[in-house]
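Structure provided below as structure tokens; questions to follow.
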Amino acid sequence: LAGLAGISAKNALQGRSIALLTRHGKGELVAPALAALGLSLQVTDAFDTDQLGTFSGEVERTLGPLDCARRKARLACELTGLDLGLGSEGSFGGGPAPGLVNWDEELLVLWDRNSGQEIVARASGPVSVAALAWGSPEELQTRMAVFDSGQAWILRHSDGVSKGLRGVADVLRALAGNPQHPGVSAGAGKLTIEPDLRAMHCPERQAYIRQAAEQLAQRLQSLCPCCEAANFWPDALEPGLPCAGCAQPTPLPLATIRRCPVCGHEHREPDPRTVADPQYCAWCNP
Ligand SMILES: [Zn+2]
Ligand SMILES: [Zn+2]
């Protein structure tokens, strides 16, 4: 029965281990939410995930975020021999106001090698970290003080990047001339200071990764009423909530749909709202 149901919180998960491949400290972000379900995490760093692409651009990303997270989940299983693998991937850009608000989406893919079933959990939201403009060490200090002290920075210069710089002193040291790049001085034209977006260096990302882990735990506990498979989750929306002004359908949801990934059972939940604000109506607010 366990095989038939795939990932099912009821019959297959208590006491099991999930493999996570990371060199970026993601284990401690994800483990608490899973521990609450009796799941433990086995972290491996036996593969350099930077080979799949880096935020700082030395390795180009060829896979989209979802496929990259899937790949990491499968690698985690291969490297540990465990049947459950977890892949984590974040991506910046997108969101409701691209170009105006920087946006982070964090994905977690839990993959069950036995059944082939996967559960994708997501969390996303705005991030404030951005490249720093500076003219003097004092100005740099002022600009950096706005951000969480756990945020690290990268210095991009003509010869490459210096990563994981924590605090003003670290950045100034790198600017003044680190061993590899002597003579680099503050304000030099080709230098930029950007946030280091790797998970262990970016507290804003860490918050979204924790949220995604909480959602994963909730998905694992949302069971299909017919077959008890996990991930019975309102992933699909049925658009068409009528406009309060003209009664035409809007893009807002009329209902959310839960569909069991194993047996296909569907449950439709009408949206608690009965009408949409005319600001969402293509006729009233074109
Ligand atoms: Zn309308
Ligand atoms: Zn089902």
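Residue indices begin at 1 and follow the sequence shown. In listed order, ligands and their atoms are each counted from 1.
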For the Zn ion (ligand 2), decide whether C227 has an N, O or S atom at a distance under 2.8 Å.
yes
The remaining residues in the hydrophobic cluster of W233, counting side-chain heavy-atom contacts under 4.5 Å among Ile, Leu, Val, Met, Phe, Trp and Tyr, are none
Using links of under 4.5 Å between side-chain heavy atoms of ILVMFWY residues, direct or through other members, which residues join V120 in one cluster?
L66, L107, V109
Any side-chain donor near an acceptor of the partner, T49 and K72, under 3.5 Å
no
Salt-bridge criterion met for R143 and E139 (N-O under 4.0 Å)
yes
Using every non-hydrogen atom in the two residues, find where D196 and Q151 come nearest and quote the distance to one decimal.
O-NE2, 3.0 Å
Quick one: ring-ring contact (aromatic ring centres under 6.0 Å, His included) pairs with a partner in residues 250-276, sequence neighbours left out?
F232-H265
Of the protein N/O/S atoms, how many lie under 2.8 Å from the Zn ion (ligand 1):
4
C226 backbone or side-chain N/O/S under 2.8 Å from the Zn ion (ligand 2)
no
Any donor-acceptor pair under 3.5 Å linking the side chain of Q206 with the backbone of A199?
yes
To the nearest 10 degrees, could you say what angle the Zn ion (ligand 2) makes with SG of C260 and SG of C263?
110°
